Undergrad: 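Quick one: this structure, given as structure tokens, is what I'll be asking you about.
Since we're looking at a predicted model, the values are computed, not measured. Letters A, B, ... are given to chains in the order of the sequence lines, protein chains preceding strands, and every chain is numbered from 1.
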Amino acid sequence: MSLTTMPVRDGGARRVTRALRFDPMAWLGILLLLLVWELAACLLPPAILPAPLGVVRRLCSEFLSAPDLSYFGLANASLLGSMTYTAENVLLAMIVGAAFAIPLGLVTARQELIRAVIDPVMMTVGTVPILILAPFLLIWFGVGRASAVLLVTFYVIVVVYVAAQRAAENIAPVFEDYAATLGASPRAVLRDILIPATIPEILGGLRIALAGAWGLEAVSELLGAQQGIGKIIEVLAGATDAQGIMAALLLLGLVATVCDGCAAWAIHRLTRWKSSTPVAGA
Amino acid sequence: MANAVQDIQIRHLSRRFTRADGQTVTALDDLSVTIKAGEFVCLVGPSGCGKTTLLQMLAGLLRQSSGEIEAQGKPVLRPGPERGVVFQKDSVFPWMRVIDNVEYGLKCRGVSKGERRERALHYLERVGLMQVAQAWPKELSGGMLKRVAIATVFANGAEILMLDEPFGALDYVTRHQLHDVLLDLWLDGEGGRRRTVIFVTHDVDEALILADRILVFHSGRMVEDLAVTLPKPRSADDLVLPELVNHRHRLLQHMGLIRPAAAKPGQ
Ligand SMILES: Nc1ncnc2c1ncn2[C@@H]1O[C@H](COP(=O)(O)OP(=O)(O)O)[C@@H](O)[C@H]1O
Ligand SMILES: [Mg+2]
């Protein structure tokens, strides 16, 4: 069986590959930004605004080891080491948050009673700016990994819970009925209907959570931590090292962008069945 | 064929709904009827007369308010693969390729990979969809999706097939093509035994082309039980034959589309 005989070609795939590829206008935009930055850097003193090339050079030179930073007594003095620490925390928070929020969201979509209890809690946590929790977490858990991871985990839980719940609510009941009339057991319905049908929206929620998690993790490190990109920025800010801060930010931005691209690609691969172009004809 | 155990026995079946505003609606009112094994029965009636409600109870997806349903000698309590349903809404799973959809019921019941693939391909060929076996449902048209659903229930080997206005949303040509597909599959039943088909429609002509027997419903009550003896397969051309013209007249009368004073055609 070949796919060449399919009546309609996959328009969705083309759109996603286009979105992943940089088009010339995007390059132009980035170039323009760099140009303005370079010009402004010429006019302002480097302590206020460092030049872009210098920032990139700094990123490269301090990537694997940063003797300057070891003066501040950081455990992981290199940019790579700090970025790894931050990325580990984000990953951990994503895993713990997803493991907690996905089942909870799916269950509450079907169990009114449990939902009546959980929903108000989630809505309260969801409406309060989550950073407010940082001081409490620092008091309770100290400046180690736990505080930052917990903060980000709370955020991931709120975002993914809502996505999972909505996904389960949006499944047309006809699919479960149909499966039952074909002889599917309740377990088979969960495995073959509920999970695949909710995957696209849940993955969408995870992607949003991931995008927000980087910033939240960095800020919580800024507020109190011993390692991580946020800690580096805090230390360099104390030394008014604008170039160093920019280099750290550039690395964080690059990693977050690449991760988001990977997430988009994975979502596209996993949800090829999902309608993205309406089909015409009989 | 006259095996009473295989028949569907419906006795004093009723279903009431309470609407959100507190009003009680009787969707089906004290229905008693026996549907014989291998019969092709059409349920006809205007929208809201209780056809879907009856089908859902037969499928075991909805509990009755009172009365009993017995299929193949057992009371109907829950859905099961011995009673297949083609739903009014599209129910083909979008996240499975066409071939996996057709195989799904067999897979659930532990049929081996090779055997279920063979069966699925056989029925896909019968409905004319061999070339899209590996396609995603989103790539198919409405008529093709109905073919997939029909191939699936036939491949699944259900003795009783229920179809709820399956072709209601399709164009004239596609609808007639699918009548042929369905009749073709029904006429040569597996092991020489025809399956029981319960086909819901609001289209009188569709019922006349397909049915051995037409049950007419109005406001939750069965108001007519017509036998259609003209041999099958029938085509749209046969609608001018006297038997079908007479039945048609009666059906339209029940639907209030012909005033009693109007003359009966052909007599
Ligand atoms: N879940 C429900 N809640 C309330 N009323 C319902 C429900 N399902 C069906 N009904 C009512 O029962 C009657 C019969 O509906 P239905 O069986 O869907 O009709 P048909 O399929 O013949 O168009 C209608 O009046 C409809 O409003
Ligand atoms: Mg209906």
Undergrad: Does CG in A:Leu113 sit with more than 12 non-hydrogen atoms of other residues, nucleotides or ligands closer than 6.0 Å?
TA: no
Undergrad: Please report the closest heavy-atom contact between B:Phe93 and A:Leu182, naming both atoms and the distance.
TA: CE1-CD1, 4.4 Å
Undergrad: Restricting to side-chain hydrogen bond (donor to acceptor under 3.5 Å, both in side chains), what partner residues turn up for B:Glu115, sequence neighbours left out?
TA: none
Undergrad: Of all the heavy-atom pairs spanning B:Cys108 and A:Gly183, show the shortest one and how long it is.
TA: CB-O, 3.7 Å
Undergrad: Relative to chain A, which segment of B:Tyr104 carries a heavy atom at a distance below 4.5 Å: side chain, backbone, both, or neither?
TA: side chain
Undergrad: Heavy-atom distances under 4.5 Å only: say whether A:Ala172 touches chain B with side chain, backbone, both or neither.
TA: neither
Undergrad: Quick check for you: to the nearest 0.5 Å, what is the distance between A:Tyr178 atom OH and B:Leu61 atom CG?
TA: 13.0 Å
Undergrad: Given that the side chain runs from C-beta out, which part of A:Ile193 has a heavy atom under 4.5 Å from chain B: side chain, backbone, both or neither?
TA: both
Undergrad: Of the non-hydrogen atoms in B:Pro94 and A:Trp273, which two are nearest, and what is the gap between them?
TA: O-CB, 2.9 Å
Undergrad: Below 4.5 Å from any heavy atom of chain A, which atoms of B:Arg109 appear? Answer side chain, backbone, both or neither.
TA: side chain
Undergrad: Which one wins on heavy-atom pair count under 4.5 Å against chain A: B:Ala149, B:Pro81, B:Gly105?
TA: B:Pro81
Undergrad: Applying side-chain hydrogen bond (donor to acceptor under 3.5 Å, both in side chains), name anything that partners A:Arg166, two or more places apart in sequence or on another chain.
TA: none
Undergrad: Check whether any side-chain N or O of A:Lys274 sits under 3.5 Å from a backbone N or O of B:Lys138 as a donor-acceptor pair, and report yes or no.
TA: no
Undergrad: For the residue pair B:Gln56 and A:Asp177, what are the closest heavy atoms and their distance?
TA: NE2-OD2, 4.4 Å
Undergrad: Taking atom OG1 of A:Thr181 and atom CE of B:Met162, what is their separation to the nearest 0.5 Å?
TA: 8.0 Å
Undergrad: Would you say the side-chain atoms of B:Trp95 pair up with the backbone N or O of A:Thr198, donor to acceptor, closer than 3.5 Å?
TA: no
Undergrad: Check B:Phe87 against A:Val174 and note the closest heavy-atom contact, atom names and distance.
TA: CG-CG2, 3.6 Å
Undergrad: Crowded around A:Glu169 CD? As in, over 12 foreign heavy atoms under 6.0 Å?
TA: yes
Undergrad: As an exercise: rank A:Ala179, A:Pro200, A:Ser185 by heavy-atom pairs under 4.5 Å with chain B and give me the winner.
TA: A:Ala179
Undergrad: Check the surroundings of atom CZ in B:Arg11: do more than 12 heavy atoms from other residues, nucleotides or ligands lie under 6.0 Å from it?
TA: yes
